[in-house]
Amino acid sequence: MNNQHYLNCFFVIFSLCFTLFTYSQENYDSWTSVNYNTGDTPSCLTFKPKYDFKLENFLRISVGGNSDIVVKLMNNSTSECIRYVYINGGDTYEIKSIPEGYYYVKIAFGSDWRKSLALGTCFAKFIDNNEYLRGEDILDFNLVKTPYGYEVPFYELKLDVYTTNKNNSFDSEQISEDEFLK
């Protein structure tokens with residue numbers, strides 16, 4: 001009986017190793033390479049962007065030259081994506097007219113953005129050096145009433161693939177590709 005147990009464990013381990021090996025060897029030659037300008041919304045994500053054009057707020061994102069990024073601005077209450085933007089390495093972009101509320105960001109770093117249509121479903125991702133993060137900081141875009149009127153909040157993120165500053169003020173956690181795509 002114990003021998004059977006070990007055999008089943010070996011089979012499970014072998015299956016996992018085989019699955020991981022075949023997944024890592026996925027061939028992306030049939031995927032279409034896509035070049036975006038900074039500020040473009042990548043295809044393959046079905047969502048309705050939300051704006052409040054009465055507000056002159058923004059989230060300014062500066063990207064180091066080591067990688068391109070895709071940023072998703074997510075509503076903290078509903079986990080709904082309200083903006084989805086591509087930013088080329090070395091560029092800065094402002095996401096403007098953000099509706100009042102609390103938000104967090106999901107970030108995909110990488111190079112060689114490609115897309116594929118399989119079984120009627122569109123897939124898109126960085127093929128090389130990809131990394132996925134979820135910001136832990138909550139961005140409060142609610143107007144702040146003062147004795148002189150209202151203060152309009154804005155934020156600035158400086159992102160790159162690596163950091164030499166151990167006292168990084170932007171907290172994030174690594175997430176899976178599937179979590180980024182939600």
Side-chain angles (χ1 to χ4, degrees), residues 28-76 78-117 121-142 152-165 168-182:
Y28 295 107
D29 292 342
S30 64
W31 288 48
T32 305
S33 184
V34 182
N35 293 313
Y36 288 113
N37 293 317
T38 293
D40 289 346
T41 299
S43 60
C44 289
L45 180 69
T46 55
F47 82 108
K48 183 175 178 163
K50 293 196 169 42
Y51 298 88
D52 186 341
F53 293 109
K54 295 177 291 200
L55 296 176
E56 294 184 16
N57 60 15
F58 60 87
L59 169 58
R60 179 180 298 132
I61 303 168
S62 301
V63 180
N66 294 315
S67 179
D68 293 348
I69 68 167
V70 174
V71 175
K72 293 172 75 173
L73 185 59
M74 309 293 293
N75 182 298
N76 191 55
T78 64
S79 295
E80 176 185 17
C81 178
I82 69 147
R83 299 291 179 76
Y84 184 49
V85 64
Y86 192 98
I87 305 173
N88 288 298
D91 286 354
T92 298
Y93 182 76
E94 290 182 356
I95 299 173
K96 297 180 180 182
S97 301
I98 300 167
E100 285 191 80
Y102 297 96
Y103 299 92
Y104 64 92
V105 294
K106 289 184 181 180
I107 305 162
F109 291 89
S111 59
D112 194 8
W113 184 265
R114 293 190 192 184
K115 70 177 184 175
S116 175
L117 188 61
T121 303
C122 187
F123 298 95
K125 64 189 254 177
F126 288 114
I127 301 303
D128 294 328
N129 303 316
N130 53 17
E131 184 80 25
Y132 303 94
L133 301 173
R134 178 183 188 233
E136 294 176 352
D137 298 331
I138 303 301
L139 309 176
D140 181 354
F141 276 98
N142 292 297
V152 179
F154 65 91
Y155 293 89
E156 182 168 0
L157 293 176
K158 294 183 179 187
L159 303 172
D160 207 348
V161 174
Y162 64 92
T163 180
T164 56
N165 180 0
N168 187 353
S169 63
F170 176 69
D171 295 323
S172 65
E173 67 178 90
Q174 188 169 6
I175 59 174
S176 69
E177 179 181 338
D178 290 338
E179 180 63 27
F180 177 79
L181 295 173
K182 286 184 186 178

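All residue numbers in this chain count up from 1 along the given sequence. The structure displayed is predicted, hence computed values, not measured ones.
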What is the distance from atom CD of E80 to atom NZ of K48, rounded to the nearest 0.5 Å?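 Here the rounded value is 10.5 Å.
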
Let me confirm one number: the CD-CD distance from E94 to E156, rounded to the nearest 0.5 Å.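 Taking CD in E94 and CD in E156, the distance rounds to 8.5 Å.
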
Which heavy-atom pair separates [X] from [Y] by the least distance, and what is that distance?
X	Y	result
K125	N130	CE-ND2, 4.1 Å
F47	T41	CE2-CG2, 3.9 Å
Y51	K96	CD2-O, 4.1 Å
P42	D40	CD-O, 3.5 Å
F126	S111	CD2-N, 3.4 Å

Just so I know, are the side chains of N76 and Y103 near enough to count as touching, which here means a heavy-atom distance under 4.5 Å?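 Result no, sub-4.5 Å side-chain heavy-atom pair not found.
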
Would you call V85 and Y93 a side-chain contact if the rule is heavy atoms closer than 4.5 Å?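 With C-beta onward as the side chain, the pair touches.
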
Option passing side-chain contact (heavy atoms from CB on, under 4.5 Å) with L139 (candidates Y102, Y155, Y104, F154):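 Going through the options one by one, the only one that passes is Y155.
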
Report the residue from I95, L157, T92 that forms a side-chain contact (heavy atoms from CB on, under 4.5 Å) with R60.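 That would be T92; it is the only one of I95, L157, T92 passing the side-chain contact (heavy atoms from CB on, under 4.5 Å) with R60.
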
Whether the S33 and Y28 side chains hold a donor-acceptor pair (N or O, under 3.5 Å, no angle test) is what I'd like checked.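 On atom types as modelled, these side chains do not qualify, holding no pair under 3.5 Å.
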
For the residue pair Y36 and Y86, does the interplanar ring angle fall in the parallel (under 30°), tilted (30 to 60°) or perpendicular (over 60°) class?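 Tilted, since the angle between the ring planes falls between 30° and 60°.
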
